[in-house]
Amino acid sequence: MPVLLPIEIIIMVMEDLDLHDLVNLSRTCKLMHAVVNEFGWSIYLRMHQRQSFTLHSARRRWSSLAQVRYNTLADHSWSRAQFIARPLCRSWPGNLQPVIAVSFSRLLVAAGVVVYSYGIRASFTEGHGTRLVYEGSYSFTLGPGLPERDVTSIAFLSDGTGDRTVSIGFEDGCVEQFYLPPHRASTWRQRIIVGRVPSKALHYHDKDVVSLSSSLNSLLSFSSWGSVAFSDLSSPSASLSTLQLGVRSWSSHLCMMASSPYAVFGITCTTHPTPLLLHHIIPSGILSTASLLLDSPRHRPSAVYGIAKTPPCSPLGSPDQIIVSGWYDGAVRVHDLRAGEGAASSGQGTTLNPVLTLQDPWSPEPVYCVSCGGGSASFVAAGTARYSVVAFWDVRRPTKGWSVHAPGNDSSPVYSLVLESSRLFAATQSRSFVYDFGPGVTKDTYPSIPATDNRPIDRQLRPRDDGIDFYVLKYNHNRTEI
């Protein structure tokens with residue numbers, strides 16, 4: 001007679017099984033099929049997490065098996081560079097510099113003084129991605145007769161009210177907090193006017209606010225001339241910590257979840273030895289002296305325009321220890337804070353070189369923004385400075401990268417992007433768009449784009465015959481066909 005192992009032992013063994021092994025185990029007998037369905041797929045999901053803000057509401061309704069199936073199909077699409085490309089709106093009036101923010105409940109796209117809101121709706125079909133529904137927009141004004149100031153950055157704050165509390169940075173240097181009222185039946189898809197109150201700003205900078213970064217209950221703002229403000233929003237009485245770098249500045253990243261919290265700043269390298277600086281944060285505030293200089297062996301005077309962290313279960317390592325940055329020279333560099341042997345001390349500080357450098361050999365364009373996620377949590381995406389190009393690399397095969405132009409193929413930079421497990425949201429100077437690698441995309445998954453002849457850029461959009469996908473241009477970094 002066969003000897004049956006205790007279920008507890010089988011569960012322990014399943015923690016070390018890959019997808020193929022779990023499938024084979026579930027096919028051995030009815031008992032193993034039931035055990036894998038009850039325990040195996042949930043264990044696999046825990047060991048192979050996927051960061052998916054916009055899929056969060058749907059995943060809560062799916063079985064573990066449906067989630068694993070969705071992830072597997074999406075990973076397969078990533079491996080073949082196959083996706084659905086969709087513009088999310090018609091072109092904006094004028095050429096703008098948009099920014100994107102994503103939460104579990106909505107996608108916000110800020111362009112000029114207007115923030116466009118897309119609600120996330122769960123699909124009725126298990127294993128199909130969520131729908132994005134255009135809710136309406138918000139226009140932020142100082143009052144009648146006063147000049148308008150563009151939104152330069154936006155970050156969601158934890159509020160327990162459906163992700164409607166945001167911090168917004170404006171080009172006049174103010175960082176203000178807002179509650180975004182719902183678009184009810186009377187204002188559905190219309191624009192709600194929101195009055196600004198600069199006198200109650202969370203942070204104030206003399207120059208343009210370039211970036212906002214939030215982590216846990218803390219908020220960091222960074223101006224274009226190196227003015228830093230850091231505060232703990234959970235404690236109204238907490239003092240504001242400030243720092244002046246005094247150089248042309250571009251990007252920031254805040255990490256409060258690390259054992260030693262830190263902030264990273266991307267600057268133009270002039271008087272500083274490197275364009276990427278790490279400052280630790282202590283209970284009294286942010287340290288004035290950089291703790292680490294994140295450099296490159298091929299260092300030339302440069303600038304860092306985008307900074308990102310890795311998702312959970314990334315092959316690169318823990319999000320608290322990995323810093324991914326986009327540089328003016330067109331490279332994406334990965335620094336591992338655990339690589340102490342690669343650090344060198346000098347009179348200017350401790351320098352850490354990258355563990356990985358990614359670059360499109362056919363494009364010398366600067367990298368304006370970066371984000372991490374994608375199939376198997378192993379991809380890095382970079383928005384470049386011209387021709388609406390987004391470049392992708394799988395860090396497990398870094399020489400096998402590929403790039404794709406945005407729908408419409410305009411000459412704009414890609415100013416902002418957010419990469420999830422199966423979706424990339426991005427924006428050029430003309431419009432926002434999405435690449436969806438997941439299964440089950442239909443005509444209703446994203447807002448329809450009515451035909452228009454108002455602007456030549458809209459006439460360049462080419463929908464495919466299925467009415468779901470749009471034509472885009474792709475190329476492999478080694479120039480072989482994708």
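- Ring-centre distance between Phe433 and Tyr435: below the 6.0 Å cut-off.
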Point to revise | Stepwise side-chain contact (heavy atoms from CB on, under 4.5 Å) test for Val324 and Val332 | key: CA-CA 7 Å; Val324 181; Val332 172; 3.6 Å; yes
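- The aromatic rings of Phe104 and Phe53 sit tilted, their planes meeting at an angle between 30° and 60°.
- Relative to the six-membered ring of Tyr471, Arg462 meets both conditions, a distance below 6.0 Å and an angle of at most 45° to the axis.
- The distance from the CG atom of Leu219 to the CG atom of Asp232 is 10.5 Å, given to the nearest 0.5 Å.
- Using the six-membered ring where Trp is involved, Trp402 and Phe83 have ring planes that are parallel, under 30° apart on the 30 and 60° scheme.
- A donor-acceptor contact shorter than 3.5 Å links the side chain of Glu126 to the backbone of Ser63.
- Note on ring orientation: taking the six-membered ring where Trp is involved, the planes of Tyr368 and Tyr305 are perpendicular (angle over 60°, cut-offs 30° and 60°).
- Using modelled atom types, one finds a donor on one side chain and an acceptor on the other under 3.5 Å when comparing Arg423 with Thr130.
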Practice item. Apply the test side-chain contact (heavy atoms from CB on, under 4.5 Å) to residues Asp469 and Arg86: give CA-CA distance (whole Å), side-chain angles for both, the deciding distance (0.1 Å), then the verdict. Key: CA-CA 6 Å; Asp469 197 9; Arg86 285 285 291 267; 5.8 Å; no
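- The aromatic rings of His279 and Phe265 stand perpendicular to each other, their planes meeting at an angle above 60°, with 30° marking the opposite boundary.
- For Tyr70 and Trp62, the ring centers sit closer than 6.0 Å to each other.
- Each of Leu278, Asn353, Leu292, Leu276 was evaluated against His335; a single residue qualifies, Leu276, per the side-chain contact (heavy atoms from CB on, under 4.5 Å) test.
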Practice item. Using the salt bridge (charged side-chain N to carboxylate O under 4.0 Å, His left out) rule, take Glu135 and Arg121 through it: C-alpha gap first, then chi angles, then the decisive distance, then the call. Key: CA-CA 11 Å; Glu135 296 178 324; Arg121 307 288 187 267; 3.3 Å; yes
Practice item. Please lay out, stage by stage, how Val109 and Val99 fare under the test side-chain contact (heavy atoms from CB on, under 4.5 Å). Key: CA-CA 6 Å; Val109 182; Val99 292; over 6 Å; no
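- We find the CG-CD1 distance between Leu316 and Ile323 to be 12.5 Å, quoted to the nearest 0.5 Å.
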